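Here's the structure we're looking at; comments come further down.
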4 protein chains.
Amino acid sequence: MQILVNPADELPIYRQIMRQIQEAIAGGRLKPGDKLASHRDLAEQAVIAPLTVKKAYDELEALGFIETQRGRGTFVCEKPPRISSADQRAQMRETARKLLSQAYLGGMNFEAAVKILKEADREIAEGRKEAS
Amino acid sequence: MQILVNPADELPIYRQIMRQIQEAIAGGRLKPGDKLASHRDLAEQAVIAPLTVKKAYDELEALGFIETQRGRGTFVCEKPPRISSADQRAQMRETARKLLSQAYLGGMNFEAAVKILKEADREIAEGRKEAS
Amino acid sequence: MQILVNPADELPIYRQIMRQIQEAIAGGRLKPGDKLASHRDLAEQAVIAPLTVKKAYDELEALGFIETQRGRGTFVCEKPPRISSADQRAQMRETARKLLSQAYLGGMNFEAAVKILKEADREIAEGRKEAS
Amino acid sequence: MQILVNPADELPIYRQIMRQIQEAIAGGRLKPGDKLASHRDLAEQAVIAPLTVKKAYDELEALGFIETQRGRGTFVCEKPPRISSADQRAQMRETARKLLSQAYLGGMNFEAAVKILKEADREIAEGRKEAS
DNA sequence: GTGGTCTAGACCACC
DNA sequence: GTGGTCTAGACCACG
């Protein structure tokens, strides 16, 4: 799996990694039982410090998304967790507000925002198809 | 204008202020030429340090949303900054993908995401802000 | 004499006024003995507070550029002062550095900066001609 | 990189720092990708408060000259911001007029102004800074 | 009263 | 060690 990282981003690098892996699981590009790259390999591929990848893996393991088997590697869990629905809705509300601010500041209306959401959905669906 | 701040939030306080003001501009509750509260007044009202509010104002000024006139106050710019519409769409697509990832991670579908977008729209329109 | 003022400028308004009057004297558009607008008239024309204009006039008088005759008005002095040559050179060095930074950051070279200086000189010379 | 600061100057300290760094970039002494001193180190070296240096760095980042990477440091951007060449020329004309006004106010002529420009050019090239 | 600047010191997250 | 944030309090310049 390909990980892209931007050191200048305000989101910490280890969170960028976590986010991409979580999205890959949610989007079906990583399936339960799939093997992840070793943290050293991933670090080399993404040109970052191994410790940073390790931290991302550790956090994902603590959250129950992945599990490491000593000597064998790291794998996607059979039952990735659901985020608590209260937290999740709060996060989504934040993101939704951001999307709407971007739209209104650019002179768009609500329908235009929904249209863009639809386009993004199609793109994601295609990504899922390719992976299967 | 009413600003509510949550010091426990992971989003820095000055960013919470920025966001609420940007949303107010986007939502039309703050119009070009309107005067903002002095950073001291706002600080007192929100029970935070004046410098924290000032930092929010400074960043918004650097972004071109507001402008200050020494000794007179701070005002909403006549011409909020225009991003190229290509950039704007790219940014919105990014945000839209994030929203969908969050939805799918939580087991929601596309319609549920749109529903949350609708709720957020009402919140912005009403200027309501829950200090979650 | 026409005064234009920008309240959003980082240079204080009273300094903007001082600068324009000093430049007018230096450029020959205001000659020794010429009468200035009353500070009230100038304030009305430039849409600013009379006290602000008064402060500019007071400072210019303290520097010896203008003098007020009670009941008659304010006039350009017969012998406008020379700034101390040390101060003046320091100020010019600042301005010169700024001009060069602007040039180099924009990919221009030293000669291009001199060319722009020449153009500006011609413009000023024309302003002087029109006034005479 | 050596920064010299004069607390008695009318230009704010953080602006003095900004100016020197911008000049260093313009003059080629700081190249894209170069690492700047940490704001704490620079503060210690210049005997000022760390926040003051940080403010200078923050503003330069907002202007697009430098970028920071958390935990790693602050670096000169690969692509310093490009102003439209029309805007740039307008700004330079403004600065050029100011330089000439200062010259004529002090009884100098055009050639003297060019001479000072030459001196400033040498100063920038050498990275010398007199704490006048 | 308003913004502009500066200080000294603190705590946290990241690499 | 590096940047990110926040506080409390101070002094000045401007209008």
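We name chains A, B, ... by the order of the sequence lines, and we start the count at 1 in each one. We use all heavy atoms of the structure for the numbers below, so side chains are in, but hydrogens, waters and symmetry mates are not. Everything quoted here is computed from the prediction, not taken from an experiment.
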Got a donor-acceptor pair under 3.5 Å from the side chain of D:Arg40 to the base of F:dG3? yes
Are the side chains of C:Leu36 and C:Leu30 in touch, meaning some heavy atoms are under 4.5 Å apart? yes
Is the closest side-chain heavy-atom distance between A:Thr68 and A:Glu61 below 4.5 Å? yes
Listed nucleotide nearest any side-chain atom of D:Pro12, set E:dC6, F:dT2, E:dC15: E:dC6
Between F:dG15, F:dA8, F:dG3, which one does the side chain of B:Arg72 approach most closely? F:dG15
For the pair made of [atom1] in [X] and [atom2] in [N], what is the distance, rounded to whole Å?
{"X": "D:Asp58", "N": "F:dG4", "atom1": "CG", "atom2": "P", "result": "7 Å"}
{"X": "B:Leu51", "N": "E:dT2", "atom1": "CG", "atom2": "P", "result": "16 Å"}
{"X": "D:Asp9", "N": "E:dG4", "atom1": "CG", "atom2": "P", "result": "19 Å"}
{"X": "A:Arg15", "N": "E:dC15", "atom1": "CZ", "atom2": "P", "result": "11 Å"}
{"X": "B:Ile48", "N": "F:dG9", "atom1": "CD1", "atom2": "C1'", "result": "16 Å"}
{"X": "D:Leu60", "N": "F:dG3", "atom1": "CG", "atom2": "P", "result": "14 Å"}
{"X": "A:Glu10", "N": "E:dC15", "atom1": "CD", "atom2": "P", "result": "13 Å"}
{"X": "B:Glu59", "N": "F:dC6", "atom1": "CD", "atom2": "P", "result": "11 Å"}

To the nearest 0.5 Å, what is the distance between CG on C:Asn6 and CG on C:Leu4? 9.5 Å
Atom pair CE/CG of B:Met18 and B:Asp58 - distance to nearest 0.5 Å: 10.5 Å
Testing the basics here: between C:Phe65 and C:Pro80, what is the closest heavy-atom pair and its distance to 0.1 Å? CD2-CB, 4.2 Å
If only side-chain N and O atoms of [X] are considered, is one of them under 4.0 Å from the OP1 or OP2 phosphate oxygen of [N]?
{"X": "B:Thr52", "N": "F:dT7", "value": "yes"}
{"X": "B:Lys54", "N": "E:dG4", "value": "yes"}
{"X": "B:Thr74", "N": "E:dG3", "value": "yes"}
{"X": "D:Thr68", "N": "F:dT2", "value": "no"}

Classify the nucleic acid contact of [X] as base, sugar-phosphate or nothing, counting any heavy atom under 4.0 Å across all strands shown.
{"X": "D:Tyr14", "result": "sugar-phosphate"}
{"X": "D:Ile13", "result": "sugar-phosphate"}
{"X": "A:Lys55", "result": "sugar-phosphate"}

Which residue lies toward the 5' end of DNA chain E, B:Ala37 or D:Val47, if each is placed at its nearest nucleotide? B:Ala37
Applying a 3.5 Å limit to both distances, which nucleotide forms a Watson-Crick or G-U wobble pair with E:dG9? F:dC6
Ion pair present between D:Glu23 and D:Arg19, side-chain N to carboxylate O less than 4.0 angstrom? yes
Walking DNA chain F from its 5' end, the first of C:Leu11 and D:Asp41 to be reached, judged by nearest nucleotide, is D:Asp41
